[in-house]
Amino acid sequence: MDLNEKKLELLLDNQFEVDCIQIDLKQQKDDDPIIYSGSGSITQKSDGNLHLKLYHAFKDVTKELMPKLGNTKPGKIIGKEEFFSMEAVDMSGNVWTAKDISVPTGFSLPASGKVVESTIRNLICEKDREGVVNKCSSFLFLVIPGKHQIPCNEWEEGKGGGKSLNTCKIKISGIEIVIKDRKNCLTVRAEDPSGGINASFKERFIEAISIVFGKLCPVLYSSYSENDTRTTIIKSIPSATPNQRIATPIKHNAPWEVSNFQHFIEKYLNSFKVEHDVFFGYWHKINRSWQGGIESAALTISTAIEGITKNYYSEYGLPDDEIVQQAEEAKPLVKNLTIGERIKKRIQSSIGQVKSSSPKNALYRLAGEGAVDKGLVDAWVSLRNKSAHADNLDEDVEELQSYIDDVYKCQNLFNVLLLLKIGFDGQYQDLSKDGWTDNSLALDAEKEE
């Protein structure tokens, strides 16, 4: 499907619609699946979801009128056989597919047919690339709804004359990317003659700009071309999902900030070769917890730092040779002690853990080497202890401000660990300083790959 201005406006206004000559819904199982088929439509509504409506004439009333669905056990993941896959042909002959569609049980009148209504998360259309000379090239176009600030560095000519500074042009690993700030969305366009853009590149690019923008960047419309195939995806973006902005590590508002913007994205893409890496997983958890308030965020940030340290910086938390040697010497001594077995096992367990890497030790070693500020590690230790206990609902203003400062110091520590991991050597926004001023990293610390 080609996206013109009219279709884009309809999508952004939640008024897009696909009229279908034929829609087939097939239960996702091999043995005697239920099938609903007929004409219908796929309509985008004000809730941000894509809604399916199918008019089905019964062929096997016994099976299709009251399907045996919804027999799942409480607390168990719903099996794929409880859902339906879809293949729909629109009025232009395009074939749209979707998976994991839930079909409500029950029946409707008249009894000669059934109106099937449901929602669709992802609507996909794959077509052959036609009229393309170089099919080795790859192309990507995205529509990201909402207002996002970008460091615009190019002017765009207006249709009625005049110019608008609304375009950010950057180059990532030789791939030129053009981001435009439109009235109520961003559009992203990238093309690589050598085919360097793949599905993983798209997902990792979205992750990178989500971190920069401080909020999730769900893609409403994407068109991705590679080899002989062009894939178009339209997604439901539920309007009820909270998506408030959180503090970002990279400033990205002014034209002079484009170099840091580009540098972060390139370093992120080069460091994480597959999408949904551990780092983004923890960032996503922090982002979601911020939607529930600072208390929810505090616990998530502190545990995320611990998890990131274990995953990427564990070698910094290993004990020195002296304490390891002392632990080995202590083992036979403790074993021969004439004390109670319970306390002896406790002591032996503690000695056995000496060789393990400690996130706290790792962070303080990073601080000792100048990679991170020791004050950030102190704040993490303090916040980790506070977050593990019940809320104090009677704090005064000074204590509350101290708590808020610790939360942002820990958010800053998380950001610094990410920037160290990817080798970012530009300016970042230091959330631990008054006014969140710019700062730079000491990148001479040896990082674990």
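All heavy atoms count here, side chains included; hydrogens, waters and symmetry mates do not. Each residue takes its place number in the sequence, starting with 1.
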Short side-chain to backbone donor-acceptor contact, Tyr55 and Val116, under 3.5 Å:
no

Sorted by chain and number, sequence neighbours left out, salt bridge (charged side-chain N to carboxylate O under 4.0 Å, His left out) with Asp378 holds for Lys374

Do you see a donor-acceptor pair shorter than 3.5 Å between the side chains of Asn253 and Glu257?
no

Using ring centroids (six-membered ring only for Trp), state whether Tyr312 and Phe279 fall under 6.0 Å.
yes

Ring pair (Phe, Tyr, Trp, His ring centres under 6.0 Å) involving Trp96 - partner list, sequence neighbours excluded:
none

Donor-acceptor pair between Asp24 and Gln22 side chains, under 3.5 angstrom:
yes

Check the orientation of Trp283 and Phe280. Use parallel for under 30°, tilted for 30 to 60°, and perpendicular for over 60°.
parallel

Sub-3.5 Å donor-acceptor pair from the side chain of Arg288 to the main-chain atoms of Pro242, do we have one?
yes

Is the shortest side-chain heavy-atom distance between Leu383 and Val407 below 4.5 Å?
yes

Considering residues at least two apart in sequence or located in another chain, which fulfil the ring pair (Phe, Tyr, Trp, His ring centres under 6.0 Å) criterion with His263?
Phe424

Partners of Lys215 by salt bridge (charged side-chain N to carboxylate O under 4.0 Å, His left out), sequence neighbours excluded?
none

Could you go step by step and tell me if Gln291 and Asn287 meet the side-chain contact (heavy atoms from CB on, under 4.5 Å) rule?
CA-CA 7 Å; Gln291 311 303 313; Asn287 177 281; 3.6 Å; yes

Filter on ring pair (Phe, Tyr, Trp, His ring centres under 6.0 Å), then keep only pairs touching residues 210-259, sequence neighbours left out; what's left?
His148-Phe213, Phe213-His252

Sub-3.5 Å donor-acceptor pair from the side chain of Gln27 to the main-chain atoms of Ile35, do we have one?
no

Could you give the side-chain donor-acceptor pairs of residues 181-192 under 3.5 Å, partners two or more places apart or in another chain?
unit_1, atom_1, unit_2, atom_2, d
Asp181, OD1, Lys147, NZ, 3.4
Arg182, NH2, Glu5, OE1, 2.8
Arg182, NH2, Glu5, OE2, 2.8
Asp192, OD1, Ser194, N, 3.2
Asp192, OD1, Ser194, OG, 2.9
Asp192, OD2, Ser194, OG, 3.1
Asp192, OD2, Gly196, N, 2.8

Who are the ring pair (Phe, Tyr, Trp, His ring centres under 6.0 Å) partners of Phe16, not counting sequence neighbours?
none

Can you confirm whether more than 12 heavy atoms, excluding those of Asp30, are under 6.0 Å from its CG atom?
no

Looking just at side-chain N and O atoms, do Ser223 and Arg230 make a donor-acceptor pair shorter than 3.5 Å?
yes

Any donor-acceptor N or O pair under 3.5 Å, side chains Thr167, Glu156
no

Any donor-acceptor pair under 3.5 Å from Ser289 side chain to Lys285 backbone:
yes

For Trp290, check ring pair (Phe, Tyr, Trp, His ring centres under 6.0 Å) against everything at least two apart and list the hits.
Tyr408

Applying salt bridge (charged side-chain N to carboxylate O under 4.0 Å, His left out) to Asp100 and not counting sequence neighbours gives Arg121

Decide whether Gln427 and Asn260 meet the rule of one side-chain donor and one side-chain acceptor closer than 3.5 Å.
no

Atom CD1 of Ile42 and atom CG of Leu50: how far apart are they, to the nearest 0.5 Å?
7.5 Å

Could you work out, with side-chain contact (heavy atoms from CB on, under 4.5 Å) as the rule, every residue matching Cys152, not counting sequence neighbours?
Ile150, Leu165

Only residue of Lys180, Lys169, Lys163 satisfying salt bridge (charged side-chain N to carboxylate O under 4.0 Å, His left out) with Glu154 is Lys169

For Lys251, all residues meeting salt bridge (charged side-chain N to carboxylate O under 4.0 Å, His left out), sequence neighbours excluded:
Asp438

With sequence neighbours left out, the residues meeting side chain to side chain donor-acceptor pair (under 3.5 Å) with Asn94 are Asp90, Lys127

Can you find a heavy atom in the side chain of Glu266 that is under 4.5 Å from one in the side chain of Ser173?
yes

